[in-house]
Amino acid sequence: MSFVQVRNVFQTYGARPILERVNLDVDEGEFVSIVGASGCGKSTFLRLLLAQETPSRGAIRIDGNQPAEEPGRERGVVFQRYSVFPHMTVRENIVAGESFARPPGRFFGAARKAAQARADETLDRIGLSHVAGAYPATLSGGMQQRLAIGQALVARPRILLLDEPFGALDPGTRLHMHDFLMELRRQTGMTVFMVTHDLEEGFKLGDRVLVFDKTRWDPDYPDSYGATITYDFDARNNGIPFQTPTTPDLLEDPHVLSA
Amino acid sequence: MSFVQVRNVFQTYGARPILERVNLDVDEGEFVSIVGASGCGKSTFLRLLLAQETPSRGAIRIDGNQPAEEPGRERGVVFQRYSVFPHMTVRENIVAGESFARPPGRFFGAARKAAQARADETLDRIGLSHVAGAYPATLSGGMQQRLAIGQALVARPRILLLDEPFGALDPGTRLHMHDFLMELRRQTGMTVFMVTHDLEEGFKLGDRVLVFDKTRWDPDYPDSYGATITYDFDARNNGIPFQTPTTPDLLEDPHVLSA
Amino acid sequence: AEQKTDFKLAWTIYAGWMPWGYIETSGIMDKWADKYGITVDIVQLNDYVESINQYTAGAFDGVTATNMDALSIPAGGGVDSTALIVGDYSNGNDAIIVKGDVGLADLAGKSVNLVELSVSHYLLARALEQVDLSEADLGAVINTSDADMIAAFQTDDVEVVVTWNPLVSTILEDPGATKVYDSSDIPGEIIDCLFVNTDTLADNPAFGKAVTGAWYETMALMASGTPEGDAALSEMAEASGTDLEGYKSQLAATAMFYTPKAAMEFTEGASLQTTMVSVANFLFDKGILGEGAPSPDYVGVAYPDGATTGDAGNVNLRYDTTYVAMAVDGTL
Amino acid sequence: MRLINRKPGRAASAALVLLPFAAVALTYVIASDIRLAANPADKLLPAPSHILETAQRLFTEGDKRSGRILLWHDTLASLRRLAFGVGIASLSALVLGMAIGLLPYARRTFNSFIGVVSMVPPLAVLPILFIIFGLGETAKVALIVVGITPVMIRDLANRTLEIPHEMIVKAETLGASSLVIALRVVLPQILPRLISSIRLALGPAWLFLIAAEAIAAELGLGYRIFLVRRYLAMDVILTYVIWITLLAFVMDYALRLLSRRLFPWTGASL
Amino acid sequence: MRLINRKPGRAASAALVLLPFAAVALTYVIASDIRLAANPADKLLPAPSHILETAQRLFTEGDKRSGRILLWHDTLASLRRLAFGVGIASLSALVLGMAIGLLPYARRTFNSFIGVVSMVPPLAVLPILFIIFGLGETAKVALIVVGITPVMIRDLANRTLEIPHEMIVKAETLGASSLVIALRVVLPQILPRLISSIRLALGPAWLFLIAAEAIAAELGLGYRIFLVRRYLAMDVILTYVIWITLLAFVMDYALRLLSRRLFPWTGASL
Ligand SMILES: Nc1ncnc2c1ncn2[C@@H]1O[C@H](COP(=O)(O)OP(=O)(O)OP(=O)(O)O)[C@@H](O)[C@H]1O
Ligand SMILES: Nc1ncnc2c1ncn2[C@@H]1O[C@H](COP(=O)(O)OP(=O)(O)OP(=O)(O)O)[C@@H](O)[C@H]1O
Ligand SMILES: [Mg+2]
Ligand SMILES: [Mg+2]
């Protein structure tokens with residue numbers, strides 16, 4: 001049985017369907033890139049994986065467990081923005097990754113010292129020790145995202161969800177972040193889902209690239225159908241993908257990927 | 001004598017020098033791309049060209065005229081954001097390009113009809129006639145910038161200044177905007193200055209690519225020197241640039257272009 | 001001032017001043033004003049202190065006020081004022097009310113709610129003198145808006161209030177309320193008058209005549225006991241938010257001078273000087289005469305017989321029977 | 001499930017909304033009952049039925065003396081004062097706020113001054129206002145104006161300053177004069193903010209109105225409340241309080257609606 | 001050059017800042033002179049020298065009767081009431097505001113209620129407050145609390161809602177409970193806003209304080225102003241008004257400073 005199981009998931013907001021019949025199996029340690037037109041429901045799918053929302057129909061299971069009701073430590077997340085706490089220093093942000101799960105939300109005395117020492121090790125690994133005492137607002141965008149990823153990993157999640165994590169960064173910084181992320185992954189063997197707007201990035205980082213799109217389309221009521229996974233590319237062979245259409249009748253559909 | 005003359009321009013904010021000894025000659029109809037590290041003074045240089053600010057030393061002349069004191073119709077501008085008026089419809093935004101120069105700031109009666117007709121022609125040319133009655137906020141980022149450029153051109157400026165006009169757009173839209181801009185330029189033969197973060201974009205669109213950087217550097221006080229034009233590339237031969245160092249002693253400087 | 005033909009009087013609600021409202025609405029004022037070829041506008045204000053302030057600032061030619069407030073605000077502020085009409089004195093209208101079985105002498109240590117620096121305050125001071133106490137012996141004097149006096153008395157932390165009618169009669173409806181002292185114990189000391197600007201009056205005798213004539217015509221009507229008189233009283237009662245009975249009981253505690261003769265006798269009486277000196281002392285003691293006042297005698301008061309109390313060189317308050325005498329003589 | 005993630009259902013939602021209102025009403029009824037049981041003539045907490053009767057009387061029956069229905073006259077008088085006060089304040093705030101936001105000279109001249117003036121507690125200067133403006137309508141309107149204008153000026157000046165400078169520069173490159181920029185670029189963008197500024201100012205405006213009417217008036221909602229306070233007519237006071245609350249609510253709502261109608265572009269988005 | 005691009009020089013700037021203050025002072029001096037020429041004992045517009053003398057006396061000389069320097073006692077009494085009122089209001093606004101912003105249940109329950117309550121004009125319910133809380137300190141503090149809390153609650157609830165949801169979700173993925181989220185994520189980010197909320201509320205708080213003190217008190221800045229109105233002691237009133245303005249200014253400044261000190265991360269940026 002696969003690690004992440006998505007079974008016949010639908011998501012509807014009010015009367016408006018966003019996702020339809022989404023099915024997916026992901027093995028532990030896979031890196032899944034998700035692409036698709038703007039507004040097609042990529043972030044929605046990530047919210048479902050995160051258990052921030054419950055699907056209207058269907059279920060998502062991790063490791064065969066009951067579907068989660070709300071976000072928790074087994075699912076880490078990094079958004080494009082607002083993924084670190086602006087009122088904590090860089091070091092405190094890392095410590096929070098451990099301390100937030102304890103009742104008072106903070107460590108005291110010796111436990112605090114120890115946590116800070118561990119945080120400093122983490123900062124070393126993600127290359128932020130030189131700004132340990134600074135507030136996030138004084139960091140560049142790239143450093144902030146590095147911190148956000150580091151913080152998420154401190155909680156040792158079973159899957160890591162990234163929603164356009166590098167969307168706000170300039171191209172150079174972006175390349176550095178790719179290296180950073182690949183390096184971290186090599187070390188941890190995490191299962192990762194990453195939404196991106198950048199196809200190149202998706203193929204470069206992912207083992208698989210999922211394309212979300214609508215399979216049905218009513219020109220008069222563009223909102224009447226939801227999107228689903230229309231392509232599932234194997235991207236392991238370093239940029240030479242071969243494609244596996246998930247819905248056979250889609251092979252000739254002209255507007256897939258045109259967005 | 002060249003069309004745009006920049007003579008020994010310095011700009012200082014408080015005690016902090018931003019630009020130093022900037023000299024430049026640009027012929028009528030040239031497309032000048034400007035690149036450089038973040039915060040090095042590219043936008044400042046554009047503000048000086050725009051006459052939004054007066055240089056601390058030196059002078060900028062267009063067509064040999066007296067240095068301008070403040071922005072006016074001879075200098076058009078498009079910023080990354082906020083370049084159109086959100087409270088006017090698309091058509092009104094174009095009409096504003098004509099009407100703002102008249103005392104009451106708007107047309108009445110027949111003049112209004114005529115201006116609207118002219119605006120509709122312009123909208124046709126920039127491909128926005130189908131949204132003539134919409135407000136800018138309902139347009140995509142690309143359409144907004146298209147409108148901003150169209151509006152600037154309606155005033156028939158002698159030079160057009162663009163400050164990262166496509167910085168907020170996604171890669172696909174960006175390519176479309178390049179085509180749009182090149183097409184417009186072919187029609188009008190404008191003199192254009194464009195600041196960009198994207199070297200590729202700079203070389204693709206520009207006839208010349210100027211690099212701004214500091215020529216002197218004090219590691220303890222990084223703010224003690226200003227930037228100037230360190231390289232002036234000829235980019236006409238379609239991406240096969242040859243370089244013209246403007247300051248001979250710079251040829252071995254290692255950190256140029258490393259930003 | 002100079003000669004003019006249009007005048008404005010300000011008045012506020014009080015049992016003894018209700019006739020002013022009637023004089024205006026009934027047309028009696030217009031009748032007398034027409035006779036002298038002038039106009040007199042009688043305006044009701046709902047804040048007493050503000051009305052005196054406005055008069056002092058020059059917005060009105062006359063205002064209804066007590067002898068005490070006239071001495072402190074306009075006279076103290078250099079606005080020479082004459083008591084054109086001495087209408088009544090409070091004869092029970094102002095009272096000290098306590099909760100439960102408490103005597104005047106027991107006030108020591110208690111806090112007292114009243115409108116500070118008003119005639120209530122003066123009444124309290126006079127009452128304490130009689131039992132050899134002073135304000136310092138009280139727990140506190142808490143300035144309380146007259147509008148809240150009834151509600152205040154209902155709360156537990158209020159033990160003693162000093163106030164005036166119609167509040168007094170409403171508060172006394174409470175079975176727990178006892179009156180321990182009232183203005184009938186110091187008759188003639190709280191005097192309600194119409195004060196007018198002395199200069200204006202001097203330059204415009206017609207103004208004095210018309211107002212005096214209108215006032216005493218109304219007084220006669222009120223005292224007549226005729227149906228017309230009762231109708232007038234009813235109208236005044238309604239304007240003061242009560243009925244005829246209620247208003248009559250308020251009047252019972254008000255020593256109205258229904259005839260010009262009574263008013264003249266009171267004004268010319270010897271006790272007035274004593275009262276004014278006592279009032280001046282009270283005001284000085286409270287610092288109300290202003291820090292420019294070196295002594296209680298800072299402001300001079302002139303009496304009908306030409307006598308003065310206080311600083312004869314700074315007479316700013318005058319009791320003058322010229323016009324009332326005309327009413328007595330029927331020469332208006 | 002975490003408390004922050006628990007959402008009430010439809011029925012529960014409706015019940016929850018009503019809960020605090022019901023609690024207040026119940027508390028009142030009980031307290032009123034207790035007091036009325038002890039003293040049937042108690043005026044402090046009249047029975048709800050009594051308040052209703054009074055309300056009905058106030059809204060429909062004329063005054064004995066003049067035959068006028070006082071509540072409507074009071075409302076009219078108060079609303080007029082409010083309208084004048086808020087109107088004058090809005091106009092001056094608009095002009096001065098835009099001037100301060102746009103013109104460096106005006107900014108220099110008025111910024112500190114308005115900062116200081118806005119700290120003056122208007123109620124403390126009430127006696128001064130009465131003396132300057134007399135006891136008529138002017139003083140009441142003046143108190144409202146004095147009370148709310150400084151804050152509104154600051155608000156609008158800040159909003160003017162917040163208009164992206166790029167837009168002003170763009171207008172300049174289109175050849176716009178200062179006046180055209182003020183009228184065609186700044187004014188339309190500031191107007192929606194003026195309306196929310198008015199909405200914010202209405203609370204204090206009511207306050208100042210009531211304070212002014214309490215001291216000197218012959219008609220008006222605040223005047224009536226402070227007048228009948230003398231007789232402890234809580235039934236009248238409560239009716240008036242509820243009526244004022246309702247009026248305030250309606251005004252707020254109307255302004256919000258107006259803003260959405262007048263400025264469609266503020267709501268528009270992709 | 002356009003007016004909007006014209007900037008005053010240094011000397012001109014200084015002159016411009018002083019201009020409106022000088023204008024007001026001059027107007028006063030002239031008006032005062034005219035009145036004093038007509039009536040040297042005029043109390044309405046005392047000469048500046050006279051005000052200065054009075055101020056000096058008020059700040060340094062004791063009361064004839066008790067020997068206490070009343071101004072300081074008044075100040076202390078008023079500031080205590082203000083501190084209690086604003087303190088209680090802040091605390092309840094913080095708790096309720098955060099609850100409403102964070103918990104859907106609390107939001108449902110209180111949102112409409114507070115919307116309605118914030119429309120009730122506090123001055124109109126003043127009589128009711130006096131009856132419930134008596135005439136002592138409690139009622140005065142209560143008026144301040146009733147007057148400013150609803151607005152503060154709404155403000156803080158909105159700010160809580162404005163915290164990017166991403167941050168809350170991130171905290172959840174770190175295993176934070178609702179309480180930890182409230183205390184470690186929301187509270188620290190709301191506190192700076194609480195301070196600006198307090199700064200905004202101080203104006204109305206002064207207002208309510210003065211209104212309450214005007215009605216029943218034996219000490220306090222508002223009490224004194226309304227008391228000496230009884231004999232038109234404008235010199236005292238003006239001294240007190242200037243003093244209150246100064247106090248308000250200092251408080252505002254202190255809070256701004258405090259905010260910058262306590263929350264260094266708000267100012268921090270690249
Ligand atoms: N809570 C919500 N309620 C109603 N509609 C929503 C909600 N969240 C998202 N939507 C709508 O669902 C659609 C999908 O949104 P989603 O954010 O998942 O798109 P996306 O693929 O992530 O787009 P983008 O690339 O722009 O981030 C959008 O049309 C959005 O407007
Ligand atoms: N009005 C100003 N006053 C003081 N300093 C300023 C001002 N405008 C810009 N600066 C500073 O001048 C420097 C250059 O700014 P500028 O905006 O020209 O940089 P830039 O090259 O356009 O950078 P970016 O690529 O980030 O847009 C920056 O350090 C900036 O902080
Ligand atoms: Mg998304
Ligand atoms: Mg820039």
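Letters go in sequence order (proteins before strands), and every chain restarts at 1.
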How would you list, in number order, the residues of [range] that have a heavy atom less than 4.5 Å from chain A?
range	result
residues 184-202 of chain E	E:Arg184, E:Val185, E:Pro188, E:Gln189
residues 162-176 of chain E	E:Pro164, E:His165, E:Glu166, E:Met167, E:Val169, E:Lys170, E:Ala171, E:Glu172, E:Thr173, E:Leu174, E:Gly175, E:Ala176
residues 143-157 of chain E	none

Region of [X] in contact with chain E, defined by heavy-atom distances below 4.5 Å:
X	value
A:Arg47	neither
A:Ala134	neither
A:Pro86	both
A:Pro103	backbone
A:Leu161	neither
A:Val84	backbone
A:Thr89	neither
A:Tyr82	both
A:Ala148	both
A:Arg102	backbone
A:Gln151	both

Can you confirm whether more than 12 heavy atoms, excluding those of [X], are under 6.0 Å from its [atom1] atom?
X	atom1	value
A:Arg81	CZ	no
A:His176	NE2	no
A:Arg174	CZ	yes
E:Tyr105	OH	yes
A:Tyr13	OH	yes
E:Arg80	CZ	no
E:Arg256	CZ	yes

- Message: Looking at chain E, which one of A:Ser99, A:Pro157, A:Ala152 has the largest number of heavy-atom pairs inside 4.5 Å, strictly under?
- Response: A:Ala152
- Task: Go through the structure and list residues passing salt bridge (charged side-chain N to carboxylate O under 4.0 Å, His left out) with A:Glu70, not counting sequence neighbours.
- Result: D:Arg2
